[in-house]
Amino acid sequence: MADDDRGSAASAGEETTALLAARRQKLERLRSEGIDPFPHDFDGVTPIADVKAGYDELEDGGETEDRFRVAGRLAARRGQGKAAFLDLVDRSGRIQLHARVDVLGQESLDRLVSLDLGDLLGVDGTVFRSRRGELSLRIDGWTLLAKSLRPPPEKHHGVQDVETRYRHREVDLLSSEETRNLFIARARIVSAVRAFLDGNGYVEVETPVLQPLYGGAAARPFTTHHNALGRDLYLRIATELYLKRLIVGGLERVYEIGKDFRNEGISHKHNPEFTMVEFYEAYADYQDMAQRTERLVAAAAAAAGYDGAVDLSPPWRRETLQGAILDRSGIDILAHPTRDELAAAMAAKGMRVPPDDTWAQLVDELVTKHVEPTLIEPTFLFDYPVELSPFAKRHREDDRLVERFEAYVNGMEIANAFTELNDPDDQRRRFEQQRADAEAGDEEAQPYDEAYLQALEQGMPPTGGVGLGIDRLVMLLTGRRSIREIVLFPAMRD
RNA sequence: GGGCCGUUAGCUCAAUUGGCAGAGCAGGGGACUCUUAAUCCCAAGGUUGAAGGUUCGAUUCCUUCACGGCCCA
């Protein structure tokens with residue numbers, strides 16, 4: 001918190017509207033009357049939902065002597081002269097307050113009614129049900145807990161401006177129960193993922209975000225600088241290589257939930273920082289991990305109260321990548337194993353062929369354009385070309401392929417998994433190929449990671465691993481079409 | 001990167017063919033002891049995203065820019 005813009009006026013450069021000035025005036029009036037507009041605490045608060053839970057039997061107009069203390073934000077006010085109704089909102093719900101002059105006295109009622117919408121308020125009172133049937137609190141005491149110096153959004157419509165909702169998420173949250181519930185659902189999904197993995201004997205770990213070498217995904221990194229070490233470091237693009245070093249170390253089942261950072265475009269499904277869970281399991285292969293994945297997603301769906309149109313319950317559909325492309329586009333990628341052959345096959349089908357794309361990029365283009373949009377029901381695509389997958393183990397039956405799957409739902413990739421490559425010599429050859437790709441101009445090629453190779457030389461058991469995008473999972477389970485809706489503070493331009 | 005759309009009072013939205021920029025909510029003053037999108041009366045609130053241009057006159061038409069949304073690459 002900056003110390004230098006304190007004071008009674010709005011910060012320098014800020015427009016001063018009559019609305020802001022009126023709130024500041026009230027603040028000063030409270031202070032001059034000896035009332036602390038920002039007290040330190042308010043003990044003994046009951047969540048509003050808990051207060052309301054116990055009174056289903058209370059008849060309309062019924063009174064009780066049950067006292068509660070609640071606290072929250074003043075959301076609405078309906079004055080009546082010698083009485084007033086106010087609505088108070090906390091994280092659990094909303095409750096109506098009834099303030100009467102014969103209970104509070106004139107001065108206390110006047111002060112209460114002159115509070116601003118958005119002020120934070122603590123009250124004590126007794127439960128009753130209004131004649132119209134709303135469970136309410138008749139208040140006999142109240143305390144201002146924090147003065148709000150900015151007006152809240154329109155009380156019926158909330159914040160509609162998308163940009164404001166993203167840039168000032170706190171305003172979105174305080175005015176929208178739907179937004180609050182959305183991010184609570186997100187938290188429950190993350191908890192469910194964690195509980196699922198913990199329940200299957202996994203150990204949660206934390207590996208470096210700042211890495212001397214990045215790896216584990218085809219992406220460009222953010223670069224930063226460590227002053228004391230005098231060297232550049234990268235923000236991780238994946239947790240993969242460190243997690244597999246922990247498998248070498250004998251932890252056998254590990255996972256990490258955390259942010260990855262990829263220095264690429266922003267879209268409705270890409271934020272430059274995003275949350276990923278990666279989990280690795282010794283003595284498992286990619287088929288085992290496919291089962292883990294579909295069960296994990298089903299557990300998360302249950303935790304989020306998912307009720308979308310797409311059925312997520314296991315088992316999911318299973319196809320091969322080659323078959324899926326052949327089926328949708330009529331092109332057999334394995335029958336056209338060079339760049340020029342595949343480009344010719346695509347051109348023969350009337351497809352536009354980007355002239356600089358490699359064979360692997362053309363395959364990716366076929367998947368993205370022709371296959372991905374058709375994968376609405378949850379589907380695993382198995383068995384990828386080795387060129388696309390530098391960390392996946394070669395297929396046990398076809399050495400042009402690796403044992404890899406990607407999981408798709410709603411036309412969107414949500415997970416990527418391998419039987420992990422644990423042959424250090426094969427891994428070294430893959431790094432050499434990546435180095436050649438980088439020299440040929442591939443900006444997403446993997447840097448040569450000698451420390452990782454040494455770990456593999458130590459001996460890594462057969463292992464299956466999965467990376468699953470938490471943001472995309474949340475989008476799926478909450479029915480949102482944009483990652484910006486389900487990230488609290490999405491990346492925005494200045 | 002390209003196309004389309006949007007940006008008006010604190011918030012949610014109007015504004016006819018280019019002709020005085022209006023409502024609701026919130027805020028201010030007043031009335032009201034069961035209201036709940038409370039109601040009623042009064043007054044106030046604007047550099048129409050920014051900069052240029054056309055015009056007697058621009059929220060409106062044109063150009064550029066900024067930010068956002070949707071679609072495409």
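Naming convention: chains lettered A, B, ... in sequence-line order (proteins, then strands); numbering from 1 in each chain.
Using a 4.0 Å heavy-atom distance criterion, A/R484 is classed as a sugar-phosphate-only contact. Contact annotation for A/D87: no contact, since no heavy-atom pair falls under 4.0 Å across all strands. Heavy atoms of A/G79 sit under 4.0 angstrom from at least one base atom. Within 4.0 Å of A/Q106, counting heavy atoms only, lies no atom of the nucleic acid at all.
Between the base of B/U36 and the side chain of A/E134 there is a donor-acceptor pair shorter than 3.5 Å. Donor-acceptor pairing under 3.5 Å, judged by distance alone, is present between the side chain of A/Q96 and the base of B/U35.
The CG atom of A/L20 sits 7 Å away from the C1' atom of B/G10 (whole-angstrom rounding). If you take CG of A/D161 and C1' of B/G10, they are 13 Å apart, rounded to a whole angstrom. Atoms CZ (A/R24) and P (B/G10) sit 17 Å apart, rounded to a whole Å. As a whole-Å value, the separation of A/H270 NE2 from B/G1 P is 17 Å. Put simply, CG on A/D172 is 14 Å from P on B/C11, counting in whole angstrom units. Taking atom CG of residue A/L19 and atom P of nucleotide B/G29, one finds them 13 Å apart after rounding to whole Å. B/C70 atom C1' lies 15 Å from atom NZ of A/K269, rounded to whole Å. If you take CZ of A/R352 and P of B/C72, they are 14 Å apart, rounded to a whole angstrom.
Closest to the A/M492 side chain, of the nucleotides B/G10, B/C11, B/G68, is B/G68. Minimum atom distance to the side chain of A/P151 is reached by B/G10, of the listed B/G69, B/G27, B/G10.
Where A/S482 and A/I266 meet RNA chain B, the nucleotide closest to each residue was compared, and A/S482 sits on the side nearer the 5' end. For the pair A/R167 and A/E63, both in contact range of RNA chain B, the more 5′-proximal nearest nucleotide belongs to A/E63.
The aromatic ring centres of A/F261 and A/Y214 sit 6.0 Å or more apart.
Considering only side-chain N and O atoms, A/R77 lies under 4.0 angstrom from the phosphate OP1 or OP2 of B/G27. For B/U35, neither phosphate oxygen OP1 nor OP2 lies less than 4.0 angstrom from any side-chain nitrogen or oxygen of A/R78. The side chain of A/R493 places an N or O atom within less than 4.0 Å of a non-bridging phosphate oxygen (OP1 or OP2) of B/G68. At the phosphate of B/C71, OP1 or OP2 sits under 4.0 Å from a side-chain N or O atom of A/R481. Dashed line: the shortest gap from a side-chain N or O of A/K155 to OP1 or OP2 of B/G24 is not under 4.0 Å.
No cation-pi contact links A/R318 to A/F380, judged by a cut-off of 6.0 Å to the six-membered ring centre and 45° from its axis. Judged by the 6.0 Å distance and 45° axis criteria, A/R69 is positioned over the aromatic ring of A/F42.
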### Message
side chain to side chain contact (heavy atoms under 4.5 Å, CB included), that's the test. Do A/E387 and A/T358 meet it? Break it down for me.
### Response
CA-CA 10 Å; A/E387 292 84 349; A/T358 62; over 6 Å; no

### Query
When you look at A/R23 and A/E28, which way does the salt bridge (charged side-chain N to carboxylate O under 4.0 Å, His left out) test go after all the steps?
CA-CA 9 Å; A/R23 286 184 178 240; A/E28 292 313 315; over 6 Å; no

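Considering CD1 of A/I483 and CE of A/M475, their distance stands at 6.5 Å, rounded to 0.5 Å.
Between the C1' atoms of B/C4 and B/U47, the separation comes to 29 Å (whole Å).
Closest approach of A/E406 to A/R404, counting heavy atoms only: OE2-NH2, 2.9 Å. Counting all heavy atoms, side chain and backbone alike, A/W142 lies closest to A/L112 at CZ2-N, 3.3 Å.
A heavy atom lying under 4.0 Å from RNA chain B marks the following residues of residues 110-133 of chain A, by number: A/L117, A/F128, A/S130, A/R131, A/R132.
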